[in-house]
Amino acid sequence: AQSVTQLGSHVSVSEGALVLLRCNYSSSVPPYLFWYVQYPNQGLQLLLKYTTGATLVKGINGFEAEFKKSETSFHLTKPSAHMSDAAEYFCAVSDRNTGNQFYFGTGTSLTVIP
Amino acid sequence: DTGVSQNPRHKITKRGQNVTFRCDPISEHNRLYWYRQTLGQGPEFLTYFQNEAQLEKSRLLSDRFSAERPKGSFSTLEIQRTEQGDSAMYLCASSLQGIGTDTQYFGPGTRLTVL
């Protein structure tokens, strides 16, 4: 089974500062990779995904992530944090053989300090 | 497209009672998934359907958990003889079958509290 590690369960950044949320996966075969955001009392919203092709993926709300096979990583970044970015962020993977079962990390709670 | 909806949004029950949750997927989506999310954790996959067929159910947490999708549209998740450890957020997601992996769209969840 796949596993996903999100380093840092809580990250705090100042408004306007760089956001970096880390995600590493365990599979030797690169899986499909996703980032979701969850606001309080809401479901998960897809930010971006990597399936194939260009390794730098751009998503909604100014977020982007880069797939690095050599590092088995898919870190999420945003150049300038906004107060509205405060939320829980989840990295998820799905196996290329099945493609259906998602495996989620434990999440990173992002706090933006004014 | 109104998104994935789940009802109820909140359910409080007493230990030992049965509960049933409903999920209505995005209308054209043929795949439907159930997840459980406990506090401080990411969603945990439980089961999924392709149309009315339940293609994976080995990860349902116990035989007290069951899910149905009788007509390939909405789905229900039932928990029998609830236990306090069942308290969690239950999430539903849907997707349109494609090549490779599907993008799953999530509903707002049903928060279950077992007293």
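Just so we're on the same page: letters track the sequence lines, and every chain starts at 1.
At least one donor-acceptor pair under 3.5 Å links the side chain of Asn30(B) to the backbone N or O of Gln97(B).
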Does Gln54(B) form a side chain to side chain donor-acceptor pair (under 3.5 Å) with Glu68(B)? I'd like the steps, not just the answer. CA-CA 8 Å; Gln54(B) 190 173 12; Glu68(B) 294 183 342; over 6 Å; no
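Ile12(B) belongs to a hydrophobic cluster with Leu115(B), counting contacts under 4.5 Å between side-chain heavy atoms of Ile, Leu, Val, Met, Phe, Trp and Tyr, direct or through other members.
Around the OH atom of Tyr105(B), the shell of radius 6.0 Å holds no more than 12 heavy atoms that belong to other residues, nucleotides or ligands.
For Lys78(A), the salt bridge (Lys or Arg N to Asp or Glu O under 4.0 Å) test picks out Asp85(A), with sequence neighbours left out. Take Glu88(A) and apply the salt bridge (Lys or Arg N to Asp or Glu O under 4.0 Å) test, not counting sequence neighbours, and it matches no residue.
Note: Lys49(A) NZ to Phe74(A) CZ = 11.0 Å, rounded to the nearest 0.5 Å.
The stretch residues 80-89 of chain B places none of its residues near chain A, where near means some heavy atom under 4.5 Å from a heavy atom of that chain.
With a threshold of 4.5 angstrom between heavy atoms, Gln6(A) does not approach chain B through any atom at all. For Leu44(A), the parts sitting under 4.5 Å from any heavy atom of chain B are the backbone and the side chain alike.
Here Gln41(B) is the residue among Gln41(B), Arg111(B), Gln50(B), Gln6(B) with the most heavy-atom pairs under 4.5 Å with chain A. Most heavy-atom pairs under 4.5 Å with chain A: of the set Pro43(B), Gly42(B), Ser95(B), this distinction falls to Pro43(B).
For Tyr50(A) and Phe67(A), the gap between ring centers is short of 6.0 Å.
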